[in-house]
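Since the structure comes first, as structure tokens, the remarks are kept for the end.
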Amino acid sequence: MRILFDSKSPLHKKPFGVLREGEGCSVSVHIPLHCKTTSVKIELFKEDGGFFAAFFLFHQNNQNDYEIWSGDFSLSCAGLYFYRFYITTQEGEFALFKEGERDTNMGAGALWQLSCIPQDFHTPDFFKGKVMYQIFPDRFFKWGDCDLKGKLEPYYIHSDTKDIPDFRPNESGEVKNCDFFGGNLNGIAKKLGYLKSLGVSVIYLNPIFKAYSNHRYDTADYKKIDEMLGSEQDFVAFCKKAHLFGIKVILDGVFSHTGSNSIYFNSAISDPNSPYREWYDFKDYPVDYTSWWGIRTLPCVNEMNDKYREFIIGGEDSVIAHWLSLGADGFRLDVADELPDEFIKELRTRLKEIKPDALLIGEVWEDASNKVSYSRRRKYFTDGELDSTMNYPFRSAIIDFVSGADNGGGFASQIMTIAENYPREVLFCLMNSLSTHDTPRILSVLSGVRAPATKDERATFTLSESELALAEARLKCAAFLQFVLPGMPCIYYGDEIGTQGFEDPFCRSFFDWERSEKNELREFYKKLCALRNKSEPLKQGDVFAEKYADGILRIERRLKNKKATAFVNCSDKGINVSAEGKPVLSLNAEHGKQITLDPLGFILFEK
């Protein structure tokens, strides 16, 4: 008989998941009677492995063949902790460790994780559970002409929006990313009605500040809109119109590096006394400097330089203050792993001083609660730094399950691990994407088709009719899961109309507005958005995910006396499920006394 302790079960730990400073926590270990236990304590360790504290548990009663040992404790200091139990019996003593997801092991294994967040840490209510839409600004919609005087050269504009983005290197072997399609802020503003009809409440824009490239992650001027996109006045008008539609606007903040042709770096390399010289790390001035991942056009900045922090964060008209005052509702931090914790903390503090309901999202690809970056454990949540992250773990779990690489056990484990490790305040604001500007399009991924070997082949590749049918059926299951899970389901522009494409730049094609007309997939997304926007359990309910059977998932969302329950069948055979309320959305499901889900079928009940 095993000793029983499952940190995810209310039988063994309350509350579930992350604690706040001073919040009480109850734990209960069930130990077989034959162990003849005399004492039990929980031992907590700091994130660096050092001992922190121990709390004794006490024998409460016996149930069947087990003794129940329980105890209460609280943590006065926010931080990331790990714990085990230490058990003494009449015959000896041993440490109890975690084994797998829900089991224990004597003498060896892993430690359980326990995060404690600051007492005053809160995230803005508006964003919790809302539908987000990500736009690559150059590739969405063009309305009117922009004044291109001052646009960094060379550049050219495609005459046909159906063109493939440039991907071939020039004679020097470089891909310059200087081809544009002319999408602009006025174009996005023109399509706000489309986004509102879809059900969107949050827009996340890839960089819009002046830059040389079409992706604009090489900032040239933090306080100027890129000429190809319009003007500062266009931005103000866009934000005002978005707000009238009830839509918030999140900007992309690229603060770990600038462009090599930025006004800051140009000054730094041309004038030894430039006020910007100390922003950069010169190994051999002015020719050798630290750059982002060795890319010479992206010189790194020293984020902890006082003048840089004043410019980005602290000044009266800092970059943060400037754009918030003009209508922005928050920032997504590019490569948050490469920004010092102190920088992120200071930025969030200033953000909330200016606009308390603004949102701060970090680009983190892994579990952000225990991330180690550049040999440092990050404090995104335990130090109250980020409101949200880009939630790639959910994306991976969805893709593996829907494509058949996982039978449901891995999915349930990943979802419940993130739910346990992340503060609830963060969980409901997570940016849950299936595609982004950095990944292949989800439709192409779910087709199961191996990407062609060469870029030339990938550039023009399209799925066959049968491949497309399978990909769309899988995408509907994937999107259903995306909208059922906690967080902000984020639609990458064009995914809702079935846009295909492999890696950058093929995932950044221009939005096909002709294809969007009478598009069946778009209508499906509208149903998902409508359901999400009216369902309180889906927006902010607790989550429980489990493998119901091989290839079958059951997901439950609970909020007070309301419950939403989803079943998804990604096995190769039909399965019967019992109704758990009123069916509100289903696909490939036969309704009767019992409900049969065909392969790639799903259903959502509300009660």
Side-chain angles (χ1 to χ4, degrees), residues 1-19 25-32 42-45 47 66 68-69 80-85 87 94-115 365-372 381 391-424 426-427 430 432 481 484-487 541-558 565-568 570-571:
M1 295 175 65
R2 281 186 180 271
I3 297 174
L4 305 180
F5 179 79
D6 176 5
S7 63
K8 296 178 175 64
S9 168
L11 291 175
H12 297 283
K13 179 179 175 293
K14 292 182 180 179
F16 173 77
V18 175
L19 301 178
C25 181
S26 299
V27 293
S28 181
V29 182
H30 298 190
I31 305 175
I42 181 173
E43 297 181 327
L44 279 80
F45 301 86
E47 57 89 13
Y66 289 91
I68 312 300
W69 289 76
L80 178 64
Y81 301 93
F82 297 91
Y83 65 94
R84 67 183 185 187
F85 296 93
I87 299 173
F94 57 87
L96 185 72
F97 295 90
K98 178 181 180 181
E99 181 171 273
E101 285 302 309
R102 297 178 179 272
D103 289 330
T104 65
N105 191 53
M106 297 165 54
L111 300 177
W112 288 272
Q113 177 178 314
L114 180 62
S115 291
W365 286 64
E366 302 83 9
D367 184 334
S369 71
N370 52 35
K371 176 71 186 284
V372 175
F381 305 145
N391 191 17
Y392 284 99
F394 277 14
R395 175 182 183 271
S396 299
I398 291 172
I399 290 173
D400 287 348
F401 174 69
V402 172
S403 64
D406 164 50
N407 68 0
F411 177 96
S413 172
Q414 181 67 278
I415 301 311
M416 295 310 297
T417 295
I418 293 296
E420 182 178 27
N421 289 354
Y422 284 34
R424 291 181 84 254
V426 171
L427 190 66
L430 288 176
N432 295 341
L481 288 168
V484 164
L485 292 173
D542 293 331
V543 64
F544 175 74
E546 63 177 342
K547 185 180 84 168
Y548 188 74
D550 281 347
I552 319 293
L553 287 176
R554 179 182 178 276
I555 302 171
E556 185 177 295
R557 302 291 307 278
R558 282 183 177 269
T565 307
F567 289 91
V568 184
C570 286
S571 72

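Between Met416 and Phe16, some side-chain heavy-atom pair lies under the 4.5 Å cut-off. Contact annotation: the side chain of Asp6 never approaches that of Leu11 to less than 4.5 Å [non-hydrogen atoms, C-beta and beyond]. Looking at Phe411 and Leu481, their side chains come closer than 4.5 Å, going by heavy atoms from C-beta outward. Looking at heavy atoms from C-beta onward, Ile415 lies out of side-chain contact with Ile555 at the 4.5 angstrom threshold. You'll find the side chain of Lys8 reaches within 4.5 Å of the side chain of Thr417, heavy atoms only. The shortest distance between side-chain heavy atoms of Ile87 and Ile3 falls below 4.5 Å. Contact of the Ser7 side chain with the Glu420 side chain is registered, since non-hydrogen atoms from C-beta on lie closer than 4.5 Å.
Under a 3.5 Å cut-off, the side chain of Asp406 and the backbone N or O of Gly410 do form a donor-acceptor pair. Under a 3.5 Å cut-off, the side chain of Arg2 and the backbone N or O of Thr104 do form a donor-acceptor pair. Counting only distance, with no hydrogens or angles, the side chain of Tyr548 and the backbone of Val568 share no donor-acceptor pair below 3.5 Å. No side-chain donor-acceptor contact under 3.5 Å links Asp542 to the backbone of Phe544.
A distance of 7.5 Å separates NZ of Lys13 from CZ of Phe5, quoted to the nearest 0.5 Å. Rounded to the nearest 0.5 Å, atoms OG (Ser9) and NZ (Lys14) are 9.0 Å apart. To the nearest 0.5 angstrom, Asp400 atom CG is 11.5 Å from Cys570 atom SG. Summarising the geometry, atom CD belonging to Glu366 is positioned 11.5 Å from atom CG belonging to Asn391; distances are rounded to the nearest 0.5 Å. With rounding to the nearest 0.5 Å, the separation of CZ in Phe82 from CD in Glu47 is 7.5 Å. Between Lys98 atom NZ and Glu101 atom CD the span is 5.5 Å, to the nearest 0.5 Å.
Using cut-offs of 30° and 60° for the angle between ring planes, the Trp112 and Phe85 rings count as perpendicular. Using a 30° and 60° split on the angle between ring planes, His30 and Tyr66 fall in the tilted class, from 30° to 60°.
Across all their heavy atoms, His12 and Leu4 have their closest contact at CE1-O, 3.4 Å. Shown here for Gln113 and Asn421, the closest heavy-atom pair between the two residues is NE2-CG, 3.4 Å. The shortest non-hydrogen separation linking Ala545 to Ala412 is O-CB, 3.6 Å. The heavy-atom pair separating Pro15 from Cys25 by the smallest distance is CD-CA, 4.2 Å. Nearest heavy-atom pair across Asn432 and Gly487 is ND2-CA, 3.6 Å. Here the shortest heavy-atom pairing between Val18 and Ser115 reads CG1-O, 3.4 Å.
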Exercise for review: Assess whether side-chain contact (heavy atoms from CB on, under 4.5 Å) is satisfied between Leu96 and Ile31, documenting all intermediate values.
Suggested key: CA-CA 11 Å; Leu96 185 72; Ile31 305 175; over 6 Å; no

Exercise for review: List the steps and the verdict of side-chain contact (heavy atoms from CB on, under 4.5 Å) for Ser571 and Ile552.
Suggested key: CA-CA 7 Å; Ser571 72; Ile552 319 293; 3.7 Å; yes

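No side-chain donor from either of Ser396 and Gln414 sits under 3.5 Å from a side-chain acceptor of the other.
Every side-chain contact (heavy atoms from CB on, under 4.5 Å) that Phe97 has, sequence neighbours left out, goes to Arg84, Ala95, Leu111.
At most 12 non-hydrogen atoms from other residues, nucleotides or ligands lie less than 6.0 angstrom from CE of Met106.
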